[in-house]
2 protein chains.
Amino acid sequence: MDSAATTSDLTDHLGYWLRLVSNHVSQAFARKVEARGVTVAEWVVMRQLLDVEVLAPSRLAERMGATRGTVSKLADRLIGKGLAIRSPDPEDGRGQTLSLTLAGRTLTPELALLADQNDAEVFGGLSARDRAALARILRSIVDNRGLKAMPIE
Amino acid sequence: MDSAATTSDLTDHLGYWLRLVSNHVSQAFARKVEARGVTVAEWVVMRQLLDVEVLAPSRLAERMGATRGTVSKLADRLIGKGLAIRSPDPEDGRGQTLSLTLAGRTLTPELALLADQNDAEVFGGLSARDRAALARILRSIVDNRGLKAMPIE
DNA sequence: TATTGTTATACTCTATAACTATA
DNA sequence: TATAGTTATAGAGTATAACAATA
């Protein structure tokens, strides 16, 4: 590659390419979900709630790799849109739980289909072999680095 | 993979893994440059200016894939930190040019080294073969999708 | 005292659109 | 009228820290 004396070129960085593609994927997805009236961060919350049905804000924050304050604000927005509800935890007077409304449970799988479609658009041009290699390499970085936060897709 | 009837799983999406890793790379890099008093977006501007020495804000916006307003604000911050200067274009009364100060020209290669180090930390656990495959696959997505914006790394 | 959740505050990043000065 | 640049405004995303209620 470069000699040691050469100033490193920004475009030589793998992180550069990763971010370029990742930004593109996320922005394309953001445009798709925007038409359904939600943001990408809101989608992540909805997707989590669809799986577990009922979840404490603090658990959700851990799963998303976000702070409790961030989750509180996202929950406010989803509640304002009629997609989620907040209820007191019957077993702990301090606790709250979040869950999807019927509208939220209906919308979430539709958003998941948009994510499928987005993936197909961006990665569909790759060979099946390259898609598999990309998935394997990304997962190995996740394992190596001990990542566990849920990103905003 | 999944049967057609199964709700798509968020973690099945390649975009999910891409974003998880990309966010991690960027956040790790942001922490490194923060210690030098600049943000990631500011670094991208500095790196561009180091290459071309003098650049109009509108050219910079094109290269970065940002709006002129965004560049204007980033330039303000760099100027405030004594890292860049703004000068009138002698050939066009409407035009301005941006360039690095001596402090900026000194700092930029140091930031590039941090980017090298960040890449090494995140991707160093991969085999050389996998690093090459990742670079090739990412570039092929960039080509397929006609991406050309400079991302913020 | 520790924990849960909310709220207050602040900052980065970004975009759109209005505005100013020049061409 | 068109272009270069700045400024105003807005909103997403995020974090830290203060706070209230409960354990």
Side-chain angles (χ1 to χ4, degrees), chain A residues 19-20 22-24 26-31 33-34 37-45 54-81 84-99 149-153, chain B residues 19 22-24 26-31 33-34 37-45 54-81 84-98 149-153:
Chain A
R19 169 165 275 270
L20 178 57
S22 176
N23 284 178
H24 177 256
S26 294
Q27 283 175 22
F29 185 61
R31 257 176 266 122
V33 297
E34 185 182 25
V38 297
T39 68
V40 180
E42 288 163 10
W43 143 254
V44 174
V45 170
V54 171
L55 197 60
S58 51
R59 294 304 131 257
L60 186 53
E62 286 168 11
R63 282 177 175 241
M64 289 179 63
T67 63
R68 287 172 297 155
T70 296
V71 167
S72 207
K73 202 155 67 170
L74 286 170
D76 283 346
R77 290 213 308 248
L78 287 172
I79 291 164
K81 291 172 184 175
I85 51 171
R86 190 151 26 200
S87 320
D89 180 340
E91 298 180 351
D92 185 335
R94 298 168 302 181
Q96 293 284 329
T97 63
L98 297 171
S99 50
M150 166 71 58
I152 291 165
E153 186 204 359
Chain B
R19 169 163 275 271
S22 177
N23 283 179
H24 177 255
S26 294
Q27 282 175 22
F29 185 61
R31 257 176 266 122
V33 297
E34 185 182 26
V38 296
T39 68
V40 180
E42 288 162 10
W43 143 254
V44 174
V45 171
V54 171
L55 197 61
S58 51
R59 296 302 132 258
L60 186 53
E62 286 167 12
R63 282 176 175 243
M64 289 179 63
T67 63
R68 286 172 299 155
T70 296
V71 167
S72 205
K73 202 154 65 172
L74 286 171
D76 283 347
R77 290 214 308 252
L78 287 173
I79 291 164
K81 290 172 184 176
I85 51 171
R86 190 151 26 201
S87 319
D89 180 339
E91 299 180 351
D92 185 335
R94 299 168 302 181
Q96 293 284 329
T97 63
L98 297 171
M150 166 71 58
I152 292 163
E153 184 204 358

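Every chain is numbered from 1, with letters handed out A, B, ... down the list of sequences.
- Considering only side-chain N and O atoms, B:T70 lies nowhere under 4.0 angstrom from the phosphate OP1 or OP2 of C:dT14.
- In this structure, A:R68 does not reach the C:dT3 phosphate: none of its side-chain N or O atoms is under 4.0 Å from OP1 or OP2.
- D:dA12 atom C1' lies 13 Å from atom CE of A:M64, rounded to whole Å.
- Contacts of A:A30 with the nucleic acid, taken as non-hydrogen atoms under 4.0 Å apart, are absent.
- Rounded to a whole Å, the CD atom of A:Q27 is 15 Å from the P atom of D:dA12.
- Note: CD (A:E91) to P (D:dT22) measures 17 Å, nearest angstrom.
- Residue B:S72 is classed as a base contact, given a heavy-atom separation below 4.0 Å to a base.
- Contact check for A:T70 versus A:M64: no side-chain heavy atoms found under the 4.5 Å cut-off.
- The heavy-atom pair separating B:D89 from B:E91 by the smallest distance is OD1-N, 2.8 Å.
- Along DNA chain C, the nucleotide nearest B:D92 and the nucleotide nearest A:L98 are compared for position; the residue whose nucleotide lies closer to the 5' end is A:L98.
- Atoms CZ (A:R77) and P (D:dG11) sit 11 Å apart, rounded to a whole Å.
- Of all heavy-atom pairs between A:L60 and A:L98, the closest is CD2-CD1, 3.9 Å.
- No contact: B:D89 has no heavy atom under 4.0 Å from any strand.
- Rounded to whole Å, atom C1' of C:dC13 lies 18 Å from atom CH2 of B:W43.
- Note: CZ (B:R31) to C1' (D:dA15) measures 13 Å, nearest angstrom.
- Counting non-hydrogen atoms under 4.0 angstrom, A:T67 reaches a base of the nucleic acid.
- Heavy-atom nearest nucleotides on DNA chain C were determined for A:V71 and for B:G93, and the one closer to the 5' end corresponds to A:V71.
- Of all nucleotides listed (D:dA2, C:dT3, C:dT6), C:dT3 comes nearest to the side chain of A:R94.
- By the 4.5 Å heavy-atom criterion applied to side chains, B:R86 and B:D76 are counted as neighbours.
- Note on A:T39: a side-chain N or O is less than 4.0 Å away from OP1 or OP2 of D:dG13.
- Nearest nucleotide to the side chain of A:A41, out of D:dT14, D:dA4, C:dT3: D:dT14.
- Side-chain atoms of A:T97 come within 3.5 Å of backbone N or O of A:S87 as a donor-acceptor pair.
- In this structure, the nucleotide among C:dT14, D:dT22, D:dT16 sitting nearest to the side chain of B:K73 is C:dT14.
- To the nearest angstrom, C1' of D:dA15 lies 11 Å from CD of B:E34.
- A:E42 places its CD atom 8 Å from the P atom of D:dA12, with the value rounded to the nearest Å.
- For the pair B:R31 and B:E34, the salt-bridge criterion is not met [side-chain N within less than 4.0 Å of a carboxylate O].
- Nearest nucleotide to the side chain of B:A56, out of C:dA15, D:dG5, D:dA23: D:dG5.
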